[in-house]
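A short worksheet on the structure shown next.
The basis for the numbers below is simple: all heavy atoms, side chains too, and nothing from hydrogens, waters or symmetry mates.
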Amino acid sequence: MMRRTALIAAFLLLPGCGLQPLYGGGSGSPVAATLRSIEVAPIPAQSGWLMRNKLVDRLGESGEDAAAYRLDVTLDDNITSFGLRSDRAATQERRTLRARYQLVSLPTGAVVLDATAGSDAGIDIVSSEYATVAAEQTALEQLSDTVADQIMARLALYAKRTAPQK
């Protein structure tokens with residue numbers, strides 16, 4: 001009975017804390033409109049191609065209006081071997097993907113957001129070179145997803161804080 005009362009009290013107090021949905025209003029919200037107005041600059045290398053595609057997919061359909069922002073991303077993709085056996089061959093790898101990104105306002109040329117995101121993954125080195133390369137590629141795809149999600153969360157937060165209030 002006490003738990004139920006405490007739970008009901010918590011739900012009644014929740015609206016008073018000031019929490020608001022980030023994407024309130026769905027695809028017509030100011031946050032979604034701001035995200036659609038971001039163009040992603042080309043990013044070199046395979047990891048850059050993967051990252052750019054994931055960001056473009058997450059930003060949504062653009063092209064209705066001229067872009068208001070450009071997202072510049074610089075990636076640092078690194079594989080480090082460790083876990084040496086007695087014959088000095090590595091048994092483990094750590095793939096690290098770090099991104100420094102800047103959101104540039106196209107009308108003014110000012111950098112309005114400058115931040116970093118990153119993640120890493122462990123990879124087992126096995127006797128099959130093909131399997132190791134496939135594991136490295138899978139790790140890159142998963143890291144690109146994680147880093148793209150981190151970037152999108154920060155861009156959405158920026159859009160929410162700078163969106164015109166109703």
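Residues Leu71 and Ile151 form a side-chain contact, since some pair of their non-hydrogen atoms from C-beta on lies under 4.5 Å apart. Looking at Gln92 and Asp124, their side chains come closer than 4.5 Å, going by heavy atoms from C-beta outward. Contact of the Arg52 side chain with the Val73 side chain is not registered, since no non-hydrogen atoms from C-beta on lie closer than 4.5 Å. Residues Leu155 and Arg58 fail the side-chain proximity criterion, which asks for heavy atoms closer than 4.5 Å. Within the 4.5 Å cutoff, no side-chain heavy atoms of Asp76 are placed close to those of Thr96.
When the side chains of ILVMFWY residues are joined at heavy-atom separations under 4.5 Å, either directly or via intervening members, Ile125 and Leu143 end up in two distinct hydrophobic clusters. Residues Leu35 and Val104 are members of separate hydrophobic clusters, defined by side-chain heavy-atom contacts under 4.5 angstrom among Ile, Leu, Val, Met, Phe, Trp and Tyr. Each of Leu50 and Ile79 belongs to its own hydrophobic cluster when Ile, Leu, Val, Met, Phe, Trp and Tyr are linked at side-chain heavy-atom distances under 4.5 angstrom. The cluster map of Ile, Leu, Val, Met, Phe, Trp and Tyr, joined by side-chain heavy atoms under 4.5 Å apart, puts Met152 and Val112 in the same cluster.
A donor-acceptor pair under 3.5 Å links the side-chain atoms of Arg98 to the main chain of Ser119, judged by distance alone. Gln150 places a side-chain N or O within donor-acceptor distance of the main-chain N or O of Gly118, the cut-off being under 3.5 Å. Without hydrogens or angle criteria, Arg95 side chain to Ile123 main chain gives no donor-acceptor distance under 3.5 Å.
The OG1 atom of Thr80 sits 9.0 Å away from the CZ atom of Arg94 when rounded to the nearest 0.5 Å. Distance OH/Tyr69 to OG1/Thr34: 6.0 Å, rounded to 0.5 Å. Rounded to the nearest 0.5 angstrom, Leu157 CG and Arg161 CZ are separated by 4.0 Å. One distance of note links CZ of Arg154 with OG1 of Thr116; it measures 10.5 Å at 0.5 Å rounding. The structure places CE of Met51 at 8.0 Å from CG of Leu140, a figure rounded to the nearest 0.5 Å. Taking CD from Gln137 and OG from Ser47, the interatomic distance works out to 9.5 Å, rounded to the nearest 0.5 Å.
Taking 4.0 Å as the cut-off between side-chain N and carboxylate O, Asp114 and Arg100 count as a salt-bridged pair.
Nearest heavy atom pair, residue Leu106 against residue Ala67, reads CD1-O, 3.5 Å.
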For Lys54 and Asp149, run salt bridge (Lys or Arg N to Asp or Glu O under 4.0 Å): C-alpha distance rounded to whole Å, both residues' side-chain angles, the deciding distance at 0.1 Å, then the answer.
CA-CA 9 Å; Lys54 291 181 184 300; Asp149 287 342; over 6 Å; no
